[in-house]
Protein chains: 2
Amino acid sequence: MDLQYPRYAGGVKLPVSTEWLLHCATTLAQLEPGATASAAQLADYYDLPAPYLAKQLQALVRAGVLAATTGPRGGFRLARPAADITLLRIVEAVDGAAPPYECREIRRQGRGALPPEDCRDACVLAAKMADAHRAWRDSLRGVTLADILGELPPTAPARTRSRLMAK
Amino acid sequence: MDLQYPRYAGGVKLPVSTEWLLHCATTLAQLEPGATASAAQLADYYDLPAPYLAKQLQALVRAGVLAATTGPRGGFRLARPAADITLLRIVEAVDGAAPPYECREIRRQGRGALPPEDCRDACVLAAKMADAHRAWRDSLRGVTLADILGELPPTAPARTRSRLMAK
DNA sequence: ATATCGCGGATATTGCAGATCCATTTAGTC
DNA sequence: GACTAAATGGATCTGCAATATCCGCGATAT
């Protein structure tokens, strides 16, 4: 028997902006300390829609991952050392920290509704889904931007800086 | 500094139908061997929209989790022992097996585009996101419907059967 | 035969991601 | 001080997928 899964899984997918911001944060991590890059520079660097990217960068600022300075020569930089920024922080800043599986307590609905005394503990299924989400978060929490930089070729930061500031 | 995450995370959330079918599969696992329950019975049991639920149940049939018999007294039953059905199989049958993070290779776009020889290996960020997805899948693969039944009170199956067949 | 069920296709409806624009604020530069 | 470059916040538009329903077909028990 061959399994047939839906070809496309709309609901589960992370938005594209997740990839954008992970790469943008990695790029900012390659700047010299104190240097900034504007939303327009980052958008040019990856050929992304600038206004929308700016909105997402703001979300990272609110989450404490990035710091922003306004005015000429302003822009974004990391708000803390790269070793203190986990991928989990970035992803949850962009996509929200809400667990993907939300228990709506359907065990209390319909003809099969359980009495309240049987619902003191969390739904077993919801607990298992929460376990899986915890495993996902633990995995992402174990990787920092510094780890990512460490896996890049040593020549990457210099090239990134020159291309980012060009033009 | 207090973190501010988006209150709602549309893209990441699993559809509600995931919860529906996890519960429906758990319910079917409590039937006597060979017994079936119709989509209408399951919809009544949880107060769900019957036509839509039927569609999702068909997806579980295509995935080899459920077996269906047509005609009067027909309905759905597990296609294999409960110990052989993992939560991962159910979730991926409903929501698709596509990983939530899809690498669009933006490292090859824009001014910062990397040369092809730097892209032989998979993108580091994509690899880390894939690691996290693997941890999530491993967690769900480690739980079977039999495990879920084992955590239910011993009186549950009898009550489930009687309420499901009632009316 | 006929009523009961699953199956497949087609079709609304709705909410959010993706995307853009503008007015405001902030802060450097001349 | 005026100008300018940048982030910030609000409002808005569009496209697509999850949700939800209906109908006709086929299968099968009684």
Side-chain angles (χ1 to χ4, degrees), chain A residues 4 6-21 24 28 34-44 47-63 66-77 79 94-96 98 100-102 104 106 165 167, chain B residues 4 6-21 24 28 34-44 47-63 66-77 79 94-96 98 100-102 104 106:
Chain A
Q4 285 197 352
R7 297 145 288 292
Y8 220 78
V12 210
K13 296 188 69 56
L14 290 163
V16 205
S17 44
T18 309
E19 182 182 7
W20 300 354
L21 277 288
C24 285
L28 292 175
T36 64
S38 70
Q41 283 175 322
L42 288 168
D44 265 6
D47 193 21
L48 301 178
Y52 186 58
L53 179 64
K55 277 280 190 293
Q56 306 294 327
L57 287 167
Q58 291 171 28
L60 283 187
V61 172
R62 282 191 296 271
L66 300 185
T69 57
T70 61
R73 311 289 303 164
F76 298 90
R77 60 179 174 81
V94 178
D95 299 315
Y101 181 88
E102 184 189 355
R104 308 264 182 112
I106 71 169
M165 303 305 178
K167 167 79 173 312
Chain B
Q4 285 199 353
R7 300 143 289 291
Y8 220 79
V12 210
K13 296 188 68 60
L14 289 164
V16 204
S17 43
T18 308
E19 182 181 6
W20 299 356
L21 290 166
C24 284
L28 291 175
T36 65
S38 70
Q41 284 175 321
L42 288 168
D44 265 7
D47 194 21
L48 302 178
Y52 187 57
L53 178 65
K55 276 280 190 294
Q56 307 294 328
L57 288 166
Q58 291 170 29
L60 282 187
V61 172
R62 281 191 297 270
L66 300 185
T69 56
T70 60
R73 310 291 302 164
F76 298 91
R77 57 179 175 81
V94 179
D95 299 315
Y101 180 87
E102 182 189 357
R104 308 260 183 115
I106 71 167

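Heavy atoms only: backbone and side chains are in, while hydrogens, waters and symmetry mates are out. Per chain, numbering begins at 1; letters A, B, ... match sequence-line order. Given the structure is predicted, the values throughout are model-derived calculations rather than measurements.
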Name the pairs: protein N/O against N/O of nucleotides 22-26 of chain C, kept only if under 3.5 Å.
| unit_1 | atom_1 | unit_2 | atom_2 | d |
| --- | --- | --- | --- | --- |
| C/dT26 | O2 | A/T70 | OG1 | 3.4 |
| C/dT26 | O2 | A/G71 | N | 3.4 |

Polar pairs (N or O, both sides) under 3.5 Å between protein and nucleotides 13-16 of chain D?
none

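Atom pair B/L53:CG and C/dG8:P shows a separation of 16 Å (rounding to whole Å applied). Atom CZ of A/R104 is separated from atom C1' of D/dA18 by 11 Å (rounded to the nearest Å). Note: CG (A/L57) to C1' (C/dA19) measures 15 Å, nearest angstrom. Atom pair B/D44:CG and C/dC5:P shows a separation of 12 Å (rounding to whole Å applied). Regarding A/E102, its CD atom lies at a distance of 12 Å from the P atom of D/dT19, rounded to whole Å. Atom P of nucleotide C/dG18 and atom CG of A/L48 are separated by 12 Å, given to the nearest angstrom. Look at CD on B/Q56: it is 7 Å from P on D/dT19, rounded to the nearest Å. As a whole-Å value, the separation of B/Q58 CD from C/dA10 P is 14 Å.
Backbone-only engagement by A/A39 is indicated by non-hydrogen atom pairs under 4.0 Å involving sugar-phosphate atoms exclusively. Among the protein residues, B/P51 comes within range of the nucleic acid bases, having at least one heavy atom under 4.0 Å from a base atom.
Side-chain proximity of B/V16 to the nucleotides D/dT19, D/dT8, C/dA19 is greatest for D/dT19. The side chain of A/A68 lies closest to D/dT8, out of C/dG8, D/dA18, D/dT8. Comparing C/dG6, C/dG8, D/dA20 against the side chain of B/F76 picks out C/dG6 as the nearest.
Counting heavy atoms from C-beta outward, B/S38 and B/F76 have side chains that stay 4.5 Å or more apart. The closest side-chain heavy-atom distance from A/L66 to A/R77 is not below 4.5 Å. A 4.5 Å side-chain heavy-atom check between B/D47 and A/I106 finds every atom pair outside the cut-off. Between A/L28 and A/T36, the closest side-chain pair of non-hydrogen atoms is not below 4.5 Å. For the pair A/Y101/B/P15, no side-chain contact is recorded, criterion being any heavy-atom separation below 4.5 Å from C-beta on. Here the side chains of A/L57 and A/L42 are in contact, with some heavy-atom distance below 4.5 Å.
Checking the phosphate oxygens (OP1, OP2) of C/dG18, a side-chain nitrogen or oxygen of A/S17 falls inside 4.0 Å. B/Y52 has no side-chain polar atom (N or O) that falls below the 4.0 Å cut-off from OP1 or OP2 of D/dT21. Distances shorter than 4.0 Å separate some side-chain N or O of B/R62 from OP1 or OP2 on C/dG8.
Partners of B/Q58 according to the side-chain hydrogen bond (donor to acceptor under 3.5 Å, both in side chains) rule, which considers only residues two or more places apart in sequence or in another chain, do not exist here.
In terms of position on DNA chain C, the residue among A/T69 and A/W20 whose nearest nucleotide sits closer to the 5' end is A/W20. Where A/P49 and B/G74 meet DNA chain C, the nucleotide closest to each residue was compared, and B/G74 sits on the side nearer the 5' end. In terms of position on DNA chain D, the residue among A/A54 and B/T18 whose nearest nucleotide sits closer to the 5' end is A/A54.
Contact between A/M165 and A/Q41 at its shortest, heavy atoms only, is SD-NE2, 3.8 Å.
A distance of 8.5 Å separates CG of B/L60 from SG of B/C24, quoted to the nearest 0.5 Å.
In this structure, A/E19 contributes its side chain and B/R104 its backbone to a donor-acceptor pair below 3.5 Å.
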